[in-house]
Amino acid sequence: MRHPYRAAPDRAFWERAVARDFSPGAVVPSGPPMIRGGERVASAGSCFAANIVPYLEAAGIAYVRTEQPHPALAATHVEALSYHKFSAAYGNVYTPRHLLQLVQRALGHFRPQEDRWYARDAVVDAFRPGLAFPASSDREFDLLTAQHLDRTIEAFRQADVFVFTLGLTEAWVSALDGAVFPACPGTIAGEYDPARHVFRNFTVAETRADLTAALALIRGINPDIRFILTVSPVPLVATATDSHVLAATIYSKSALRVVAEEVTLALPWARYFPAYEIVTAPQAPADFFGPDRREVSRQAIDAVMGAFIGACEGTPAPAAPVAPPEPAPAENAVAALIARIECEEAAAAT
């Protein structure tokens with residue numbers, strides 16, 4: 001009997017493509033190269049997203065960096081929380097709503113009412129609460145913020161490809177105007193106030209609308225830019241829902257995966273890369289996660305980036321990136337916490 005499956009390739013069958021001879025590169029959707037020769041790449045996303053940058057640079061792919069610390073500071077202090085691991089110093093961007101608001105702020109379309117917190121001798125950026133060198137006055141804060149948002153716009157202008165890794169659906173937002181904080185106030189900095197700070201767990205429809213709007217705004221800045229979407233395989237460190245953290249993780253990642261699929265099907269200038277599937281699906285080796293079953297191992301990142309680099313044009317086999325330097329010793333307990341973690345989310349478990 002004739003039927004459509006008879007002509008399907010091996011990759012369409014679990015027995016042939018997963019149970020036997022599994023290759024991470026085979027999961028990558030067919031099509032043109034993820035990154036073409038000579039293209040410049042910018043990125044943002046969850047803490048897992050920072051892992052891609054050393055591999056891209058080791059493969060000779062140009063990575064856009066528009067906001068880096070002064071060399072004198074870089075030599076003495078390493079920022080935690082990924083502030084200087086991305087194209088601009090926005091740090092980890094966990095949700096599409098956060099990305100949308102970042103672009104809106106950079107364009108002058110949105111100014112959050114609660115954008116700063118006052119601490120001893122410091123004005124803390126509510127959207128970059130772990131910066132090692134916060135402003136010392138409102139005037140300095142305004143200048144630093146304007147410079148940062150300008151550098152963010154410039155990263156979008158310079159990039160040919162923007163890689164965004166979707167990390168979470170859960171977020172803490174301002175009750176005043178819905179501004180999304182990267183961490184619950186009171187964990188990294190600030191003070192939690194239930195009257196001002198509200199928990200949100202975004203739906204698929206909200207997440208899809210936010211991501212679509214964010215990508216459209218970025219295309220308004222750079223009409224030729226293309227997008228690669230991925231989903232972080234890192235489970236939630238904690239949930240603010242009533243669910244077990246495992247169930248909350250499955251909801252969050254499932255929703256993000258659905259959104260990535262629907263957005264890339266709708267937009268011809270957006271593609272999906274299956275980092276999540278390579279690390280978390282049943283074929284993944286046990287050593288793709290650490291003993292806590294949450295931390296993604298170097299072996300897993302090597303597999304993901306091997307598949308990604310292999311899907312780019314004119315790139316050699318990925319070389320092992322140079323290990324990042326250890327953060328400088330911290331002077332107090334809060335600074336020690338910040339230096340120890342790369343994700344604001346992790347502070348919720350401390």
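This chain uses plain numbering: 1 for the first residue, then up along the sequence.
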field: Close side-chain approach of Ser252 and Leu236, heavy atoms under 4.5 Å
entry: yes
statement: Taking every heavy atom of Phe162 against every heavy atom of Ala44, the minimum-distance pair comes out as CZ-CB, 3.6 Å
- prompt: Going by heavy atoms in the side chains, are Ile61 and Ile309 under 4.5 Å from each other?
  reply: yes
query: Do Ser46 and Asn92 have side-chain atoms, one donor and one acceptor, less than 3.5 Å apart?
result: no
task: Flag the pair Asp142 and Arg116 as a salt bridge only when some basic side-chain nitrogen lies within less than 4.0 angstrom of an acidic carboxylate oxygen.
output: yes
- request: Would you check if there is a donor-acceptor pair between the side chains of Thr230 and Thr165 at a distance under 3.5 Å?
  value: yes
Donor on one side chain, acceptor on other, Ser43 and Tyr63, under 3.5 Å: yes
Connected-component partners of Leu143 among ILVMFWY, side-chain separation under 4.5 Å: none
- request: Indicate, with yes or no, if the rings of Phe273 and Phe308 have centres closer together than 6.0 Å.
  value: yes
task: Assess whether atom CZ of Arg139 is packed by more than 12 heavy atoms of other residues, nucleotides or ligands within 6.0 Å.
output: no
- prompt: Are any of the side-chain heavy atoms of Glu262 and Thr207 separated by less than 4.5 Å?
  reply: no
query: Are Phe164 and Phe227 close enough that their ring centers fall under 6.0 Å?
result: no
- prompt: Is the closest side-chain heavy-atom distance between Tyr272 and Val263 below 4.5 Å?
  reply: no
